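Side-chain atoms are counted along with the backbone in the values below, which use heavy atoms only and exclude waters and symmetry mates. On a predicted model such as this, the values are computed, not experimentally measured, just so you know. Proteins come first, then strands; the chains are lettered A, B, ... in the order of their sequence lines, and each starts at number 1.
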Amino acid sequence: VLACFPTAVYLDVDGRVVAVVTADAVRLPMSIVLARPGSPGRSLASDAEPAVVGGGEVRVGALRVTVARWWAPPRPLVAPGAPLREAAAVLSRSIAGRPLDAATATAVADLTRALSVPSVPRSVAHDGALADPVRALVGRGPGLTPTGDDVLAGALVTLRALGEPLLADRLAGVVRSRLPRTTALSASLLECAMDGHALPEVDALVTALAAPDLLAARIGPLLRIGSSSGGDLAHGVLVATRAVCAGRATRLPEEAA
Amino acid sequence: VTDHVEVRRGAYHDSVTLMQASRTVAGVDGVDAALVAMATELNLELAAGMGFDVPPGTGPNDLLVAVRASDDDAVADGLAALTTALAARPTGGGDGTAGEAPARTTGSAVRRAGASLVLVSVPAAMPSPRRWTHSRTTPR
């Protein structure tokens, strides 16, 4: 048992995190979701006891959970032709009230630039440029999911959603090599993000990149997640949106499919 | 906290050099944030997002140097580190091989150096391979 909260228990199962969360909790991609809400002030389980996981069942002390129905975490997709320039402008205004600290902002700007350089054959030089900001971001900041990780997770999911699997793979490759530098929970969430799996609130925001009018309404629920995690994830969505937009603008017409 | 925003008109360095230079400046003691980049639309947005005030009329042919530091001394240290970082690499277009005329086409450059990889770096949209040269240079 890694940690217990009123609405969530995080378990380490052979190096991968499994979460048991209540119906009112943030629905992480690797969650077993209970039908009931959490009881305020009372931990869902005790972290004093070892957990037993397997056979469709999870046991943590008095907490016994049997899987009734499997669910698939959302993987956002944005159809080609989305007005990314406009979406980036709206998104950037929406998160202006949630600025990053100066050093993180520098790393985030560097990450955006490194991702905006288009195409793969030139990647040898540019993955060097990608490595520096990723090194600066993984594990950066306080909390179970540090700020830097949330930004990277938002960017990874959005790159896949925007149909840039090569960019997503490049970023995933660099992030993967740094995973031991962060918390177990955060590393697991980053692995989910590498596969394109997102929180429902992130899914809602990313799919709205195709219709920027919807962004303002969809960012609210995301910003309410965690103390800063929601805003940090939104910053990551913006990183990928800007980078893809700039990358496509510099691509040749005959290259841009 | 001191913000230093400087536009170097017409100065050019390739993006890889600038990203590395930017990181070098950001790593200087007392420097909180730094963006050293050609003033493309993307980089202007990033500078604005970091809270830097960039003078209007700054464009993609200008080099933007934005440094936020604890005091003027730290800004000066950052700028000194930038000068070193940019001087450490050839800026392109210069005459790297004393006494020898630079190659004028990709083809002749490849023939001279026996190179199998060519990096073309220009301050604009991606150059089209077919515009590079008329000779036998494209994929071997």
Hey, what do you get for [atom1] ([X]) to [atom2] ([Y]), rounding to the nearest 0.5 Å?
X         : Y         : atom1 : atom2 : value
Asn43(B)  : Ser116(A) : CG    : OG    : 7.0 Å
Asp132(A) : Thr24(B)  : CG    : OG1   : 8.0 Å
Glu45(B)  : Arg85(A)  : CD    : CZ    : 7.5 Å

For the residue pair [X] and [Y], what are the closest heavy atoms and their distance?
X        : Y         : value
Ala33(B) : Ala102(A) : CB-O, 3.7 Å
Ser22(B) : Arg113(A) : OG-NH1, 3.3 Å
Met19(B) : Asp110(A) : SD-O, 4.4 Å

Query raised in the report: Who among Leu42(B), Val1(B), Thr40(B), Leu35(B) has the most heavy-atom pairs with chain A under 4.5 Å?
Result: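 Heavy-atom pair counts peak at Leu42(B).
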
Query raised in the report: For Asp29(B), does the CG atom sit with more than 12 other heavy atoms under 6.0 Å from it, leaving out its own atoms?
Result: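 No, the 6.0 Å shell around CG holds no more than 12 heavy atoms from other groups.
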
**Report entry** Under 4.5 Å from any heavy atom of chain A - which part of Ala37(B)
**Finding:** both

Query - Part of Val36(B) within contact of chain A (heavy atom distance under 4.5 Å) - result: backbone

Query raised in the report: Tell me, side chain or backbone of Ala107(A) under 4.5 Å from chain B's heavy atoms, or both, or neither?
Result: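 Contact with chain B is through both the backbone and side chain of Ala107(A).
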
Query raised in the report: Any donor and acceptor pair, going by atom type alone, linking the side chain of Thr106(A) with main-chain N or O of Ala34(B) inside 3.5 Å?
Result: yes

